[in-house]
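Worksheet: the structure to be examined is printed underneath.
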Amino acid sequence: MKFVLTEEQQALAEAVDEIIESAGGTKAARTWAAGDPASGQALWAQLADLGLLGLCVPEADGGMGGTAVDLVVAFERLGYHAVPGPYIESGALLPDLVGADVRRGIVDGSIIATAAVPGLVPYALDAAASSHHFLVDAESISSATSGPGIASIDRTRTLHELTAAGESAALDPAVVALALDRATLACSAVLLGAGERLLAEAVSYAKIREQFGRAIGEYQGLKHQLADVRIALTFARPLVTGAALNLGDPDSARSISAAKIAAGEAANLAARVALQVHGAIGYTEEHDLGLWITRVRALMGVWGTPRHHYDRIASLLLSPGTSPAPSPVVSPTR
Amino acid sequence: MNLDLTDEQHAFAAEARAWLAEHVPPAPLPSMDTAEGFIAHRKWEATLAEGRWSAVAWPEEFGGRSAGLVEWVLFEEEYYRSGAPTRVAQNGISLLAPILFEHGTDEQRARYLKPMTDGSLIWAQAWSEPGAGSDLAAIRSTARRDDERGGWLLSGQKTWSSRAVWADRGFGLFRSDPAADRHRGLTYFLFPMDAPGLTVRPIAQLDGSTGFAELFFEDVFVPDADVLGAPGDGWRVAMSTAGNERGLSLRAPGRFCAAADRLIDLWNDQQHEDPFARDAVVDAWIKAEAYRLYTWGTVSTLQNGGDIGAEGSVNKVFWSELDIALHETALTLLGPAAELRGTPGVADGRWVDDYLFSIAGPIYAGTNEIQRNIIAERLLGLPRGGDGRRVS
Ligand SMILES: Cc1cc2nc3c(=O)[nH]c(=O)nc-3n(C[C@H](O)[C@H](O)[C@H](O)COP(=O)(O)OP(=O)(O)OC[C@H]3O[C@@H](n4cnc5c(N)ncnc54)[C@H](O)[C@@H]3O)c2cc1C
């Protein structure tokens with residue numbers, strides 16, 4: 001039993017960080033928000049070269065043959081740096097659902113694909129910056145045309161209604177369910193990363209900003225709020241990695257839902273506290289803080305609202321007469 | 001990364017489960033904060049020791065099984081799931097023993113460890129004083145040198161000492177060098193509760209039981225053999241106790257997983273429909289699950305040679321708040337019946353008693369405010385603001 005990241009996984013995270021930082025950190029998000037996708041697309045190509053868009057695709061199909069844990073490790077970094085673009089759709093949802101050619105293109109980075117999943121993800125993200133658009137439901141997938149862009153609370157996200165175009169291909173519902181759970185998991189990881197970044201930003205600001213002759217980080221009123229963010233993120237993290245470990249197992253659905261709820265709540269708390277710690281400067285467009293604050297809020301509502309995930313856990317855990325399924329590492333009685 | 005257990009670990013858990021199924025008393029014992037409950041719990045400790053289950057991670061020579069950390073966590077899960085009684089020996093086993101292993105002499109280990117495992121020696125901790133709560137270093141009780149008899153004379157007052165009314169021995173800090181600064185000049189002593197000059201006055205808790213007591217020391221003699229660590233080094237020694245209390249040893253995840261399972265049963269039994277209460281049940285389950293998984297992460301970190309350090313404070317705030325949330329949710333589900341105490345029909349009357357205990361969680365073992373100071377300063381690196389921190 002070893003419930004900590006391996007050296008390879010840490011190296012993967014560092015490699016993602018390096019690529020994004022040398023591409024200018026949040027620069028891609030800012031130009032993307034301003035309607036210029038070029039630097040975001042260049043970053044996409046670099047991250048595709050690293051294997052980020054094919055982490056869970058078998059090596060035989062050009063992917064990395066990695067695990068869902070690798071996926072959450074890498075996607076957490078995307079959240080940390082507020083990287084723009086439909087990574088969750090291309091890298092986590094679609095690989096198992098599209099045909100071999102598109103899949104190969106996604107993995108090598110030549111295709112940027114986006115998708116809508118009615119009920120869960122009603123609008124497709126960044127259709128204008130994507131080459132392929134798909135409508136996915138519980139048992140089929142079809143190509144789609146996109147409507148005009150709709151603004152999101154997160155200025156790096158442009159949303160589009162999709163209309164099916166052409167034949168739809170039937171899919172095994174179990175395969176769709178797994179892909180949706182994998183995307184939800186990736187979204188949880190992005191939330192976790194955004195939350196960690198918000199905390200890091202708030203902590204470093206609290207150390208340098210002075211009022212009444214002292215660093216504001218000396219004041220307990222802020223200290224305790226930041227400590228609560230640390231606690232929330234610390235306990236959301238094992239739910240995300242735990243859910244990655246049992247993705248596809250019988251308990252998977254409830255673990256994914258728990259991860260999404262906890263990561264969303266922790267990140268949202270981080271957003272609120274980080275803004276409070278920054279004061280007005282954090283509320284400006286010029287400051288980067290808003291990138292994560294609005295990203296968190298947007299991601300809390302897609303890939304299943306908290307309501308959806310509470311209901312899903314309740315239906316798995318609480319229906320009278322059913323006792324909780326066994327926990328993965330413990331004993332078969334629980 | 002994985003969460004897989006070896007065949008041996010599965011077998012270990014199965015052995016514990018089977019033993020517990022056979023030995024756990026069918027009806028809950030009376031509260032260990034009552035005279036008869038204390039005796040009943042002491043007996044249960046002896047039963048546990050007969051099965052060699054009272055301190056599984058300890059070396060065999062002291063009554064343990066030399067089991068690893070993973071096995072210990074597995075045992076705790078089985079223990080609480082089986083509905084076994086709370087551990088009246090926990091001050092000794094969880095809080096003092098780790099210090100004895102680290103700072104004690106061979107002679108002290110030989111004298112004290114084994115009797116902790118079979119309930120024949122139950123310990124009380126004596127840190128708090130009327131003027132030293134969160135600010136533990138403000139301790140005023142003194143230790144004066146008695147060279148003639150080769151020991152020390154303890155004087156002063158301690159308070160809120162859990163189970164001191166019935167405990168056999170106590171451990172705590174006393175100021176042995178009045179000239180030294182606050183954190184120095186403190187010495188860690190072990191003493192018998194029936195020592196001449198020591199008066200124990202029970203204090204009734206919120207629930208009416210005498211769960212803790214105050215202790216008055218008037219020249220209580222303690223021989224040098226009962227000084228733990230070097231004289232004057234008591235603060236450093238005590239800091240390691242505090243780490244244990246907040247960290248893993250006091251609150252294994254089994255407690256919360258078992259309570260979450262009972263909460264789910266309660267929901268199912270009562271056929272509830274209130275969607276707010278339902279979300280609270282789901283939340284309690286999520287958080288218990290988070291705590292369980294987090295603990296496995298900690299176990300892995302420790303096995304890799306890392307330590308818990310200030311993470312123990314993150315843990316402490318989380319489990320104490322989770323405990324309250326779990327029990328408040330149960331009381332919500334029980335509705336008007338939630339105020340009934342000791343009523344067998346209402347989940348053996350447990351929820352109410354356990355709720356009353358849970359609300360003390362953010363106070364003892366270092367208040368949650370003090371833990372948040374530690375998290376902010378030691379984990380996040382924020383500057384100290386002179387707000388203080390307490391270790392126990
Ligand atoms: C059920 C129970 C069992 C206990 N068992 C034992 C035992 O066996 N042995 C023992 O020695 N003690 C025991 N205690 C005592 C416990 O350790 C103390 O209650 C605790 O350390 C707090 O001290 P205090 O009660 O004096 O509160 P105070 O220190 O007076 O604190 C009062 C309030 O002020 C807040 N506060 C204080 N300082 C700060 C600060 N710097 N920043 C922000 N807020 C601050 C506290 O967080 C708290 O909310 C027990 C307590 C309880 C409730």
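In this text the structure is predicted, and so the values were computed from the model without any measurement. Naming convention: chains lettered A, B, ... in sequence-line order (proteins, then strands); numbering from 1 in each chain. Note that these values count all heavy atoms, side chains included, but never hydrogens, waters or copies made by symmetry.
Scanning residues 226-235 of chain A against chain B with a 4.5 Å heavy-atom cutoff picks out L226(A), A227(A), D228(A), R230(A), I231(A), T234(A), F235(A), ordered by number.
The part of N304(B) that comes within reach of chain A is its side chain, from C-beta onward, which places non-hydrogen atoms under 4.5 angstrom from that chain. Proximity to chain B (any heavy atom under 4.5 Å) is shown, for L222(A), by neither the backbone nor the side chain. Only the side chain of Q303(B) has a heavy atom closer than 4.5 Å to any heavy atom of chain A. Both the backbone and the side chain of L239(A) come within less than 4.5 Å of a heavy atom of chain B. Only the side chain of V70(B) comes within contact range of chain A, judged by heavy atoms closer than 4.5 Å. If you measure heavy-atom distances from Q9(A) to chain B, the contacts under 4.5 Å come from the side chain alone. At a 4.5 Å heavy-atom cutoff, the contact between V69(A) and chain B is made by side-chain atoms alone. With a 4.5 Å cut-off on non-hydrogen atoms, R214(A) touches chain B through its side chain but not through its backbone. Only the side chain of T241(A) comes within contact range of chain B, judged by heavy atoms closer than 4.5 Å.
No side-chain donor-acceptor contact under 3.5 Å links Q220(A) to the backbone of N373(B). Put simply, the side chain of K260(A) gets close to the backbone of G304(A): a donor and an acceptor are under 3.5 Å apart. Using modelled atom types, no side-chain atom of H23(B) and backbone atom of A18(B) make a donor-acceptor pair closer than 3.5 Å. Without hydrogens or angle criteria, S255(A) side chain to D251(A) main chain gives a donor-acceptor distance under 3.5 Å. In terms of modelled atom types and a separation under 3.5 Å, the side chain of K2(A) and the main chain of G297(B) share no donor-acceptor contact.
Cation-pi geometry between R65(B) and W72(B) is not met: the NZ or CZ atom fails to fall both under 6.0 Å from the ring centre and inside 45° of the normal. Cation-pi check for R262(B) over W267(B) is not met; the charged atom does not lie both under 6.0 angstrom from the ring centroid and within 45 degrees of its normal.
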Do any side-chain atoms of residues 270-281 of chain A form donor-acceptor pairs under 3.5 angstrom with protein atoms, and if so which ones, sequence neighbours left out?
unit_1, atom_1, unit_2, atom_2, d
H278(A), ND1, A274(A), O, 2.8

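Of the listed residues T6(B), D279(B), V281(B), I375(B), the one with more heavy-atom pairs under 4.5 angstrom with chain A than any other is D279(B). Your options are A290(B), A376(B), A14(B), and the one with the most heavy-atom pairs under 4.5 Å with chain A is A290(B).
Annotation: ring pair (Phe, Tyr, Trp, His ring centres under 6.0 Å) contacts of Y79(B) (sequence neighbours excluded): F75(B). Residues meeting the side-chain contact (heavy atoms from CB on, under 4.5 Å) test with E71(B), sequence neighbours left out: Q9(B), F12(B), A67(B).
The aromatic rings of Y291(B) and F318(B) sit parallel to each other, their planes meeting at less than 30°, with 60° as the upper class boundary.
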